[in-house]
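For this chain, numbers begin at 1 and follow the sequence in order. Just the heavy atoms: all of them, side chains too, but no hydrogens, waters or symmetry mates, feed the values below.
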Amino acid sequence: MSLVGLEELRAAQQRIAGVAVRTPLLPCPWASDGARRLWLKPENLQPTGAFKTRGAYNRLAALSEAERARGVVAQSSGNHAQAVAYAAGLLGIKAVVVMPDTSPAVKVENTRSFGAEVILVAPDERDTLPARLAAEHGYVWVPPYDDPYIVAGQGTVGLEIGEDAPDELDTVLVPVSGGGLISGVAAALKLTCPGVRVIGVEPELAADAQESLRRGQLTVWPTADTYRTIADGLRTPSVGELPFEHLQAYVDDIVTVSEQEIRDTVALLARRGRLVAEPSGAVAPAAYFHRAGELDGRVFAAVVSGGNVEPKLLADLLQA
């Protein structure tokens with residue numbers, strides 16, 4: 001497989017302009033400890049509440065007219081689902097989305113509200129049913145991360161960080177699930193700001209990517225293990241094959257955070273940052289607040305990847 005290059009990243013940036021929001025890089029003086037500073041990239045401000053809008057629109061907009069006429073099928077725990085449904089609606093494409101029956105209700109409802117047909121299945125079936133539906137109905141399969149157009153679309157987050165960051169920026173923290181986001185961000189930053197370190201962040205209960213990167217071999221975790229984490233968007237059993245190549249080429253390290261640290265960071269971002277982050281979206285900043293000893297750096301940017309959190313869960317985390 002070929003790594004996504006600067007040409008593909010720039011093309012994605014042009015393709016999604018006017019659809020995905022160019023989110024700001026927010027300074028966080030309240031997070032400074034005298035030795036370190038933090039900037040946040042609030043992808044929870046996207047039209048569908050997460051960065052996935054970028055990759056999904058880039059993939060669908062690049063389809064031929066014949067492919068658009070066939071319709072698309074995708075699988076997702078929620079944020080890719082909403083993004084595909086939203087992009088398909090803008091482009092007039094039929095969308096079918098397979099979601100695990102453990103998905104937060106707010107993500108299921110939002111996906112349907114954008115016009116997609118939603119099929120709920122057991123978690124183990126999420127990644128196998130789309131292939132069957134594509135074969136039976138002729139749909140174009142739009143995977144959540146193992147696709148160069150998806151990687152390039154998500155990589156526009158990295159292009160924007162590089163363009164907006166202070167000169168002193170030395171470390172960027174990115175959540176890891178299937179690997180599409182960190183692959184694109186790492187490629188963009190290493191190709192435009194080669195001195196910046198890119199660190200992935202995962203829940204301790206779904207740390208397959210950390211194990212894969214450190215072993216130098218793609219590792220799969222059982223679904224029963226990854227589904228223990230509150231970060232429902234980061235429960236994939238392994239990173240994709242294309243993302244794994246990007247991790248090996250561009251990512252400096254991957255660290256993990258605990259469930260309590262994720263919960264605490266959701267509340268902290270709401271109270272001090274005025275940002276609504278779902279648990280998956282709080283994982284990267286959680287590393288800044290709770291893993292300082294594992295991170296070499298003075299000026300950080302952390303991606304808040306999404307804000308599609310159940311209202312009751314958010315209320316519980318704020319009251320804790």
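Counting only residues at least two apart or in different chains, ring-ring contact (aromatic ring centres under 6.0 Å, His included) contacts with residues 297-320 comprise Tyr288-Phe300. Pairs passing the ring-ring contact (aromatic ring centres under 6.0 Å, His included) check and including a residue from residues 88-145, sequence neighbours excluded, read Tyr86-Phe114, His137-Tyr139.
To the nearest 0.5 Å, the span separating CG on Leu26 from CZ on Arg274 amounts to 9.0 Å. Taken to the nearest 0.5 Å, the CD1 atom of Ile182 stands 11.5 Å off from the OG atom of Ser305. Separating the NZ atom in Lys107 from the OG1 atom in Thr48 is a distance of 10.5 Å, to the nearest 0.5 Å. Atom CD of Glu211 and atom CG of Leu218 lie 10.5 Å apart (nearest 0.5 Å). We find the CZ-CD distance between Arg54 and Gln13 to be 8.5 Å, quoted to the nearest 0.5 Å. Atom CZ of Arg10 sits about 11.0 Å away from atom OG1 of Thr156, to the nearest 0.5 Å.
Within the 3.5 Å criterion, the main-chain N or O of Gly233 finds a donor-acceptor partner in the side chain of Ser177. Using modelled atom types, no side-chain atom of Thr229 and backbone atom of Thr226 make a donor-acceptor pair closer than 3.5 Å. When atom types are taken as modelled, the side chain of Gln82 and the backbone of Gly78 share a donor-acceptor pair closer than 3.5 angstrom. Judged purely by atom type and a 3.5 angstrom limit, Glu310 uses its side chain to pair as donor or acceptor with the backbone of Ala105.
Nearest heavy atom pair, residue Pro42 against residue Thr23, reads O-CG2, 3.4 Å. In terms of heavy-atom proximity, Pro130 sits nearest to Val73 at O-CG1, 3.8 Å. What you find for Val108 and Ser103 is that their closest heavy atoms are CG2-CB, 3.9 Å. Taking each heavy atom of Ala152 and Ala12 in turn, the nearest pair found is O-CB, 3.6 Å. Counting all heavy atoms, side chain and backbone alike, Ala301 lies closest to Leu169 at N-CD1, 3.6 Å. Pairing each heavy atom of Pro47 with each of Val19, the nearest pair is CG-O, 3.6 Å.
Under a 4.0 Å N-O distance rule, the pair Asp164/Arg22 qualifies as a salt bridge. Salt bridge status for Asp170 with Arg298: absent, with no side-chain N to carboxylate O gap under 4.0 Å. Between Asp232 and Arg235 there is no salt bridge, since no side-chain nitrogen of the basic residue lies less than 4.0 Å from a carboxylate oxygen of the acidic one.
Residues Pro166 and Val299 meet the side-chain proximity criterion, which asks for heavy atoms closer than 4.5 Å. Counting only heavy atoms from C-beta outward, the side chains of Val304 and Glu43 never approach each other to under 4.5 Å. Counting heavy atoms from C-beta on, the side chains of Val239 and Asp208 come closer than 4.5 Å. Proximity of Glu117 to Lys94: side-chain heavy atoms (C-beta onward) are separated by under 4.5 Å at one or more points. Counting only heavy atoms from C-beta outward, the side chains of Leu318 and Arg271 approach each other to under 4.5 Å. The side-chain heavy atoms of Leu91 and Arg68, taken from C-beta on, include a pair separated by under 4.5 Å. Counting only heavy atoms from C-beta outward, the side chains of Leu3 and His246 approach each other to under 4.5 Å. Taking 4.5 Å as the limit, every side-chain heavy atom of Met99 sits out of range of all side-chain heavy atoms of Ile119.
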For residues 190-206, please give each side-chain donor-acceptor pair under 3.5 Å, one per line with the distance, not counting sequence neighbours.
{"residue": "Lys190", "atom": "NZ", "partner": "Val196", "partner atom": "O", "Å": "2.9"}
{"residue": "Lys190", "atom": "NZ", "partner": "Asp252", "partner atom": "OD2", "Å": "2.8"}
{"residue": "Thr192", "atom": "OG1", "partner": "Ala188", "partner atom": "O", "Å": "2.6"}
{"residue": "Arg197", "atom": "NH1", "partner": "Asp296", "partner atom": "O", "Å": "3.3"}
{"residue": "Glu202", "atom": "OE1", "partner": "Ala209", "partner atom": "N", "Å": "3.3"}
{"residue": "Glu202", "atom": "OE1", "partner": "Gln210", "partner atom": "N", "Å": "2.9"}
{"residue": "Glu202", "atom": "OE2", "partner": "Ala209", "partner atom": "N", "Å": "3.1"}
{"residue": "Glu204", "atom": "OE2", "partner": "Arg291", "partner atom": "NH2", "Å": "3.1"}

Please report the C-alpha distance between His80 and Ile150 in whole Å, then the side-chain angles of each, then the deciding distance to 0.1 Å, and finally whether the side chain to side chain contact (heavy atoms under 4.5 Å, CB included) criterion is met.
CA-CA 10 Å; His80 180 62; Ile150 297 291; 4.2 Å; yes
May I have the step-by-step check of side chain to side chain contact (heavy atoms under 4.5 Å, CB included) for Ser32 and Leu38, ending in yes or no?
CA-CA 7 Å; Ser32 175; Leu38 175 67; over 6 Å; no
Taking it one step at a time, do Val172 and Leu189 satisfy side chain to side chain contact (heavy atoms under 4.5 Å, CB included)?
CA-CA 9 Å; Val172 176; Leu189 288 168; 3.6 Å; yes
Please assess Glu278 against Asn79 for the test side-chain hydrogen bond (donor to acceptor under 3.5 Å, both in side chains), listing each intermediate value before the final yes or no.
CA-CA 11 Å; Glu278 62 189 276; Asn79 286 335; 3.1 Å; yes
Walk me through it: do Thr236 and Arg126 pass the test side chain to side chain contact (heavy atoms under 4.5 Å, CB included)?
CA-CA 10 Å; Thr236 54; Arg126 188 196 77 160; 3.7 Å; yes
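If you chain together hydrophobic residues whose side chains sit under 4.5 Å apart, Ile16 and Ile93 fall into the same group. Leu295 and Val303 fall into different hydrophobic clusters, where Ile, Leu, Val, Met, Phe, Trp and Tyr are joined by side-chain heavy atoms under 4.5 Å apart, directly or via other members. Residue Val97 is grouped with residue Leu120 when hydrophobic side chains (ILVMFWY) are merged at heavy-atom distances under 4.5 angstrom, including chains of intermediate members. Under the 4.5 Å side-chain heavy-atom criterion for grouping Ile, Leu, Val, Met, Phe, Trp and Tyr, Leu313 is connected to Leu234 within one hydrophobic cluster. Trp221 and Val283 end up in different hydrophobic clusters when Ile, Leu, Val, Met, Phe, Trp and Tyr side chains are linked at under 4.5 Å.
For Arg214, the CZ atom counts as densely surrounded, since its 6.0 Å shell holds more than 12 non-hydrogen atoms of other residues, nucleotides or ligands. The number of heavy-atom neighbours closer than 6.0 Å to CD of Glu7, taken from other residues, nucleotides and ligands shown, is 12 or below.
Neither side chain, Gln154 nor Asn58, offers a donor N or O lying under 3.5 Å from an acceptor on the other.
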